[in-house]
Amino acid sequence: MSALLTLAAGRDAQALHRAATPDFFGWLEHTRAAGACTRPIRLTGTLTTVEPDTGRVLAEQHTDELPDRTLYKACGNRRAAQCPDCAWVYAGDAFQVVRCGLTGGKTIPTTVSAHPVVFATFTAPSFGPVHHRHIPRHTCATRRRCDCRPAPCRVRGTAGACLHGRPAACFARHDADDPQLGRPLCLDCYDHDHQVVWNYFSGELWRRTKQAIERHLTTLCRRRGIPHVQVVTDSGRIRRVPPVRVSHGKVAEMQRRGAVHFHVLLRLDGVDRHDRHALVPPPAGVTVDDLDAAVHAATRQITLTTPPHPDRPQGWPVAWGEQVDVRRIGVSDGDVTDAKVAAYLAKYATKSTEITGHCSTRLTPDTVDAYADPEGDHLARLIDACWRLGRPTHAPSTSTADTTGKRQAVLDTTPNEYAGLRRWAHMLGYGGHFLTKARRYSVTFGQLRDTRAAYRRTEHTDTAGMITVGTLAFAGSGWLTDGDALLANTAAARRRERRRVGREELAHEAWSGVAA
């Protein structure tokens with residue numbers, strides 16, 4: 001307790017010392033771009049203001065002339081557990097990316113709001129029984145404040161034991177924050193190897209599933225007499241393409257057990273023969289019912305087998321679980337609206353493995369022993385499985401005879417297809433991005449960042465229309481003192497609160513005008 005008091009006293013003293021300097025308000029304005037960032041990037045170098053039409057240098061300034069002799073830049077980390085403020089900005093951009101694909105705006109035509117759209121959830125299969133919380137019937141007024149009593153975890157008519165002597169049933173009614181949720185009933189029965197392999201190949205499984213959805217729709221169009229469309233490619237050649245295509249926005253969510261599942265928005269588009277990049281409605285003969293049926297058909301059909309591995313020569317089967325939920329999106333009415341879905345996906349785009357209880361940076365041979373343990377808990381065994389299955393290659397160890405009688409070397413090796421498991425061991429095998437989209441689905445994060453940067457440049461009328469060229473080098477990360485972090489974060493929080501109050505006032509004035 002005394003150490004915490006001493007630390008707080010030192011931080012307050014640093015803040016008071018900074019606030020007492022003559023250029024304090026200039027320092028606040030200087031750090032505004034990275035005000036609430038947990039670990040801002042510090043850069044040093046030269047800033048040159050150039051006239052874009054002529055290339056004439058108008059001004060030049062070195063970072064030694066700036067406060068703290070450095071330039072602060074927000075880290076841009078999307079994870080809320082690492083930097084809440086940068087994750088807040090990322091979540092706002094993710095919301096715009098998702099919703100523009102549903103309603104249009106920001107270079108996306110508003111006509112996309114009339115396209116058929118479904119919201120599908122693809123889950124992983126079972127790798128062994130785990131503790132879970134299930135509410136058979138909700139009687140609460142809102143799910144956000146649900147107080148319904150859950151059912152018993154895993155009730156068995158004949159409660160016996162597994163092969164390792166552990167109970168095969170659980171009669172507890174778990175709370176929402178129970179640490180047992182997602183943990184296997186028996187660690188030795190659970191297939192940790194299969195789960196990390198499934199995480200690793202889930203991206204390929206999704207790619208093939210989307211291809212199967214498009215093939216199903218193409219076959220459906222052929223049966224209904226909807227012809228292919230002849231379009232002109234960028235090279236000037238004429239190509240026949242299917243009359244419909246599917247654009248998606250996908251977010252990966254990590255479950256408590258450490259397996260990912262995907263929330264996917266699937267929008268059905270047509271093809272314009274004159275402009276293949278245009279977003280046009282699908283043919284009248286293809287509806288949201290067909291898109292719904294295509295998703296269910298693809299999830300039943302697609303199953304892949306991973307390449308052979310020394311620990312499992314036949315490979316592992318990778319397929320979707322039985323719980324595949326498909327819902328239709330309503331723009332303004334109904335329980336599943338565009339705003340709710342966009343907010344839901346934006347929230348999970350800033351999360352990673354925190355829900356499992358594990359959060360670390362990329363593991364190395366020097367740090368993996370602190371997390372991996374073949375006899376440890378659930379997470380330790382998952383990380384150990386990633387590290388073991390992704391081990392580097394070795395020399396040939398044995399040989400076998402094939403059907404022709406020829407001897408073939410069997411390598412005690414890990415194929416290149418599994419080598420990335422070590423790289424993504426801190427993600428429990430999942431190496432994909434947590435938010436991806438099709439090229440035509442919506443705007444990009446880069447476009448949103450460029451628009452925000454252009455707006456910030458117009459805030460300063462003296463540099464409007466000019467270009468600032470930076471020749472900068474990395475000098476470090478983090479605030480110089482804890483007092484600086486306190487002052488910068490407090491100022492940023494106040495600016496954010498003022499913006500929130502301003503938006504509410506504008507909305508109230510607009511509503512008052514309509515009511516009058």
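Not measured: the values here are computed from a predicted model.
In this structure, the side chain of Arg42 does not engage the main chain of Leu71 through any donor-acceptor pair within 3.5 Å. Using a distance-only test at 3.5 Å, with no hydrogens or angles considered, a donor-acceptor pair links the side chain of Asn199 to the main chain of Gly258. Remark: side-chain polar atoms of Thr353 are not paired, donor with acceptor, to backbone N or O of Thr356 under 3.5 angstrom. Checking side-chain atoms of Asp175 against main-chain N and O of Asp177 turns up no donor-acceptor pair under 3.5 Å. Ser247 places no side-chain N or O within donor-acceptor distance of the main-chain N or O of Arg267, the cut-off being under 3.5 Å. When atom types are taken as modelled, the side chain of Arg173 and the backbone of Pro150 share a donor-acceptor pair closer than 3.5 angstrom. The backbone N or O of Arg78 lies less than 3.5 Å from no partner atom in the side chain of Thr350, so there is not a single donor-acceptor pair. Of the possible donor and acceptor atoms, none in the side chain of Arg362 sits under 3.5 Å from a partner among the backbone N and O of Trp424. Of the possible polar contacts, one joining the Tyr200 side chain to the Gly420 backbone as a donor-acceptor pair under 3.5 Å is found. Remark: the backbone N or O of Val246 is paired with a side-chain donor or acceptor of Lys210 at under 3.5 angstrom.
A distance of 11.5 Å separates OG1 in Thr21 from CG in Leu16, rounded to the nearest 0.5 Å. The line from CD1 of Ile108 to CZ of Arg440 is 11.5 Å long, rounded to the nearest 0.5 Å. Expressed to the nearest 0.5 Å, how far CE of Met254 lies from NE2 of His358 amounts to 9.5 Å. For the atom pair CZ (Arg449) and OG1 (Thr444), the distance works out to 7.5 Å, reported to the nearest 0.5 Å. Remark: Cys170 SG to Arg154 CZ distance equals 9.0 Å, nearest 0.5 Å. The CD atom of Glu60 sits 4.0 Å away from the OG1 atom of Thr48 when rounded to the nearest 0.5 Å.
In this structure, Asp311 pairs ionically with Arg391, as a charged nitrogen and a carboxylate oxygen lie closer than 4.0 Å. We find that Asp68 and Arg18 are joined by a salt bridge, their nearest charged nitrogen and carboxylate oxygen being less than 4.0 Å apart. Taking the charged nitrogens against the carboxylate oxygens, Arg388 and Asp193 do have a contact shorter than 4.0 Å, which makes a salt bridge. At a threshold of 4.0 Å, the pair Lys351-Glu354 does not count as salt-bridged, since none of the basic side-chain nitrogens sits closer than that to a carboxylate oxygen. Between Asp373 and Arg381, none of the side-chain N atoms (NZ, or NE/NH1/NH2) sits under 4.0 Å from a carboxylate O, so this pair counts as no salt bridge. With salt bridges taken as basic N to acidic carboxylate O contacts below 4.0 Å, one links Asp93 and Arg452.
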List the steps, then state whether ring-ring contact (aromatic ring centres under 6.0 Å, His included) holds for His174 with His132.
CA-CA 7 Å; His174 297 292; His132 77 296; 8.1 Å; no

What verdict does the side chain to side chain contact (heavy atoms under 4.5 Å, CB included) test give for Thr49 and Val469, after you've listed the backbone C-alpha separation in whole Å, the side-chain angles of each residue and the deciding distance to 0.1 Å?
CA-CA 6 Å; Thr49 303; Val469 180; over 6 Å; no

Lys437/Val97 under side chain to side chain contact (heavy atoms under 4.5 Å, CB included): CA gap, chis, key distance, verdict:
CA-CA 9 Å; Lys437 69 175 189 66; Val97 168; 3.7 Å; yes

Check against side chain to side chain contact (heavy atoms under 4.5 Å, CB included), Gln82 and Ser352:
CA-CA 10 Å; Gln82 300 294 329; Ser352 184; over 6 Å; no

Hey, mind stepping through His378 and His192 against side-chain hydrogen bond (donor to acceptor under 3.5 Å, both in side chains) and telling me if it holds?
CA-CA 8 Å; His378 181 52; His192 296 88; 3.1 Å; yes

For Ser113 and His115, run side-chain hydrogen bond (donor to acceptor under 3.5 Å, both in side chains): C-alpha distance rounded to whole Å, both residues' side-chain angles, the deciding distance at 0.1 Å, then the answer.
CA-CA 6 Å; Ser113 60; His115 294 203; over 6 Å; no

Between Ile383 and Leu428, is a side chain to side chain contact (heavy atoms under 4.5 Å, CB included) present by the stated rule, with each step listed?
CA-CA 6 Å; Ile383 297 174; Leu428 309 181; 3.8 Å; yes

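When the shell of 6.0 Å around CZ of Arg69 is examined, it contains 12 or fewer heavy atoms from other residues, nucleotides or ligands. Around atom CZ of Phe24, more than 12 heavy atoms belonging to other residues, nucleotides or ligands sit under 6.0 Å away. Other residues, nucleotides and ligands place no more than 12 heavy atoms under 6.0 Å from the NE2 atom of His17. Environment of CD in Glu204: crowded, with over 12 heavy atoms of neighbouring residues, nucleotides or ligands closer than 6.0 Å.
Side chains of Leu102 and Val117 form a contact here, defined as non-hydrogen atoms less than 4.5 Å apart. Pro392 is listed as a side-chain neighbour of Arg422, based on a closest heavy-atom distance under 4.5 Å. A 4.5 Å side-chain heavy-atom check between Thr63 and Thr70 finds every atom pair outside the cut-off. Between Val118 and Ile329, the closest side-chain pair of non-hydrogen atoms is not below 4.5 Å. In this structure the side chain of Thr451 never reaches within 4.5 angstrom of the side chain of Leu448, judged on heavy atoms. Counting heavy atoms from C-beta outward, Leu363 and Tyr371 have side chains that approach closer than 4.5 Å. Val260 places none of its side-chain heavy atoms less than 4.5 Å from the side chain of Gln255. At least one side-chain heavy atom of Gln96 sits under 4.5 Å from a side-chain heavy atom of Lys106.
Nearest approach of Leu181 to Arg256, heavy atoms of both residues: CB-CD, 3.6 Å. The minimum heavy-atom distance linking Ala339 with Phe95 is given by the pair O-CE1, 3.8 Å. Pairing each heavy atom of Val264 with each of Trp206, the nearest pair is CG1-CH2, 3.5 Å. Nearest heavy atom pair, residue Cys386 against residue Gly429, reads SG-N, 3.5 Å. Here the shortest heavy-atom pairing between Ala91 and Ala346 reads O-CB, 3.4 Å. The two atoms that bring Ala74 and Cys86 nearest to each other are CB-SG, 3.8 Å, heavy atoms only.
With Trp479 as the aromatic partner, Arg39 does not meet the cation-pi criteria of under 6.0 angstrom to the ring centre and within 45 degrees of the ring axis.
Note: Trp198 and Trp320 have perpendicular aromatic rings, judged against thresholds of 30 and 60 degrees for the angle between ring planes. Relative ring orientation between Phe434 and Tyr430 is described as perpendicular, the plane-to-plane angle rising above 60° on a 0-90° scale split at 30° and 60°. The aromatic rings of His263 and Tyr344 lie perpendicular to each other, with more than 60° between the two planes, well past the 30° mark.
Applying side-chain contact (heavy atoms from CB on, under 4.5 Å) to Lys250 and the options Leu345, Leu435, Leu265, Thr436 leaves one that passes, Thr436.
Taking the six-membered ring where the residue is Trp, the centroids of Tyr418 and His309 are separated by under 6.0 Å.
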